[in-house]
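Inspection log for the structure reproduced underneath, given as structure tokens.
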Amino acid sequence: MKFTAVTIFPEYFAPLNLSLIGKAIEREALSFETIDLREFATGNHRSVDDSPYGGGAGMVMSPEPWGAAIDNVLAKNEGEIDLIFPTPAGKVFNQRIAESLSNSNHLVFACGRYEGIDARVVEFYRTNPRIRLHEISIGDYVINGGEGATLVMIEAIARLIPGVIGNPESLLEESHNEIGELEYPVYTKPATWRGLPVPEVLLSGNHGAIENWRKEAARKRKEGQDRRE
Ligand code: SAM
């Protein structure tokens with residue numbers, strides 16, 4: 001699986017060299033590249049934004065550098081790509097979307113800044129037969145740029161790719177599975193910490209009882225979450 005992020009801040013993605021994803025990149029279980037949008041900007045200042053038609057605050061990312069950068073991705077790669085536009089106006093990201101995107105061969109993230117990207121860019125590429133286009137939000141709030149949203153999505157998607165997580169069994173019992181369950185609370189040594197004991201059943205060695213306790217604890221967590229909603 002290949003990940004590409006088109007951005008004006010390539011250095012934003014340095015944390016991907018750390019931890020599990022960094023190791024997976026080293027092992028070539030996945031690859032990651034950034035493309036600097038400014039390299040596709042023309043003019044003395046390599047400007048990538050302009051004032052909004054119709055007036056209003058802020059600047060809008062110009063369609064020309066975006067068109068040139070995405071055309072370049074298409075020219076340099078064969079086959080289909082999933083082109084993702086992180087946007088607070090998109091479909092809200094969740095574990096099902098992460099699972100579906102983890103089956104892609106090539107995910108390309110178009111990281112917007114300022115007031116966002118000229119809307120014609122999405123309109124233009126939506127009908128390209130080599131592109132599956134997705135507009136995705138990471139939640140109902142606004143952050144400064146698509147880079148943070150892209151990091152979140154890459155973290156969620158990459159760990160589902162075979163060979164990225166050391167022990168794939170740890171994915172089986174995780175929160176937000178197909179039926180929307182949450183994982184049970186987890187504990188480690190010491191058995192008592194600051195006067196708080198670990199639930200006794202977990203020290204019993206009785207696997208049946210532990211499994212029942214975990215199911216019940218997960219159910220209660222979910223119930224608590226449902227009540228908060
Ligand atoms: N003016 C835009 C609006 O109100 O919808 C917000 C623009 S935001 C400051 C700049 C960029 O950050 C967006 O183009 C998008 O790429 C990214 N972004 C901000 N919030 C996001 C979210 N919740 N999910 C995904 N991307 C987001």
Side-chain angles (χ1 to χ4, degrees), residues 1-16 21 30 32-41 45-74 81-104 106-128 131-160 175-176 225 228-229:
M1 152 94 85
K2 179 172 179 179
F3 292 87
T4 300
V6 186
T7 172
I8 55 169
F9 294 122
E11 59 278 23
Y12 207 104
F13 292 92
L16 289 178
I21 295 180
L30 59 90
F32 175 74
E33 66 175 3
T34 53
I35 291 179
D36 188 346
L37 183 71
R38 281 199 200 280
E39 286 180 12
F40 297 89
H45 300 291
R46 293 202 170 261
S47 171
V48 294
D49 59 308
D50 212 327
S51 51
Y53 275 124
M59 300 295 271
V60 174
M61 292 191 108
S62 312
E64 295 98 330
W66 277 108
I70 296 169
D71 287 351
N72 184 263
V73 170
L74 289 170
I81 62 169
D82 284 275
L83 176 59
I84 297 161
F85 288 85
T87 160
K91 188 170 176 182
V92 178
F93 190 63
N94 61 25
Q95 193 68 16
R96 298 292 83 73
I97 297 176
E99 282 165 4
S100 154
L101 292 176
S102 73
N103 295 316
S104 173
H106 190 179
L107 296 180
V108 181
F109 293 86
C111 302
R113 282 266 152 183
Y114 317 118
E115 294 305 321
I117 303 170
D118 186 306
R120 289 168 293 181
V121 177
V122 163
E123 194 184 325
F124 181 81
Y125 287 105
R126 202 186 284 289
T127 53
N128 185 309
I131 293 179
R132 287 183 294 269
L133 191 143
H134 314 264
E135 291 179 274
I136 302 182
S137 163
I138 56 161
D140 293 340
Y141 46 84
V142 177
I143 59 175
N144 289 332
E147 291 79 6
T150 296
L151 279 176
V152 167
M153 288 188 258
I154 291 178
E155 283 268 349
I157 296 162
R159 63 200 306 282
L160 302 176
S175 298
H176 305 300
Q225 189 198 49
R228 279 200 299 277
E229 276 169 0

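All ligand and atom numbering here is 1-based and tracks the order in the structure. Any value given below was found using the heavy atoms of this structure, including those in side chains, with hydrogens, waters and symmetry copies removed.
- Between Phe32 and Phe13, the two ring planes are tilted [angle within 30° to 60°].
- Contacts between Phe85 and ligand 1, counted as non-hydrogen atom pairs separated by less than 4.0 Å, are absent for every part of the residue.
- For ligand 1 and Tyr114, the ligand atoms under 4.0 Å from any heavy atom of the residue are 7 (C), 8 (S), 9 (C), 10 (C).
- The protein heavy atom nearest to atom 24 (N) of ligand 1 is Ile138 N, 3.0 Å.
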Derivation and outcome, side chain to side chain donor-acceptor pair (under 3.5 Å), residues Thr4 and Glu33
CA-CA 5 Å; Thr4 300; Glu33 66 175 3; 2.8 Å; yes

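- The protein heavy atom nearest to atom 23 (N) of ligand 1 is Tyr141 O, 2.8 Å.
- Residue Phe124 qualifies as open at atom CZ: its count of foreign heavy atoms under 6.0 Å is 12 or below.
- Annotation for Ala110 and Pro86: closest pair O-CD, 3.0 Å, computed over non-hydrogen atoms.
- Residue Lys2 places its NZ atom among more than 12 non-hydrogen atoms of other residues, nucleotides or ligands, all under 6.0 Å distant.
- Close approach of ligand 1 to Thr87 (heavy-atom distance below 4.0 Å) involves ligand atoms 24 (N), 25 (C), 26 (N).
- The backbone N or O of Gly67 lies less than 3.5 Å from a partner atom in the side chain of Tyr125, making a donor-acceptor pair.
- Any N or O atom pair closer than 3.5 Å counts here, and Pro86 shares at least one such pair with ligand 1.
- Using a 4.0 Å cut-off to heavy atoms of Asn144, the atoms of ligand 1 that qualify are 9 (C), 10 (C), 12 (O).
- Considering only non-hydrogen protein atoms, atom 5 (O) of ligand 1 sits nearest to Pro88 CG, 3.4 Å.
- Residue-ligand proximity: Cys111 is placed with every non-hydrogen atom at 4.0 Å or more from ligand 1.
- In this structure, atom 2 (C) of ligand 1 lies nearest to the protein heavy atom Glu115 O, 3.8 Å.
- Shown in contact with Gly139 at under 4.0 Å from a heavy atom are these atoms of ligand 1, numbered in order with element: 23 (N).
- For ligand 1, the atoms sitting less than 4.0 Å from at least one non-hydrogen atom of Ile136 are 25 (C), numbered in the order shown with element in parentheses.
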Starting from the C-alpha separation in whole Å, work towards a yes-or-no answer on salt bridge (Lys or Arg N to Asp or Glu O under 4.0 Å) for Arg96 and Glu99.
CA-CA 5 Å; Arg96 298 292 83 73; Glu99 282 165 4; 3.1 Å; yes

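- Shown in contact with Gly116 at under 4.0 Å from a heavy atom are these atoms of ligand 1, numbered in order with element: 14 (O).
- Close contacts of ligand 1 with Val142, meaning ligand atoms under 4.0 Å from a residue heavy atom, involve 6 (C), 8 (S), 9 (C), 20 (N).
- Contact of the Arg113 side chain with the Thr7 side chain is not registered, since no non-hydrogen atoms from C-beta on lie closer than 4.5 Å.
- No donor-acceptor pair closer than 3.5 Å links the side chain of Arg38 to the backbone N or O of Ile8.
- No donor-acceptor pair closer than 3.5 Å links the side chain of Ser62 to the backbone N or O of Glu64.
- Heavy atoms of Ile143 found under 4.0 angstrom from ligand 1 belong to the backbone as well as the side chain.
- Among protein heavy atoms, atom 11 (C) of ligand 1 sits closest to Gly112 O, 3.5 Å.
- Per-residue contacts place Ala149 under 4.0 angstrom from the following atoms of ligand 1 (heavy atoms of the residue considered): 25 (C), 26 (N).
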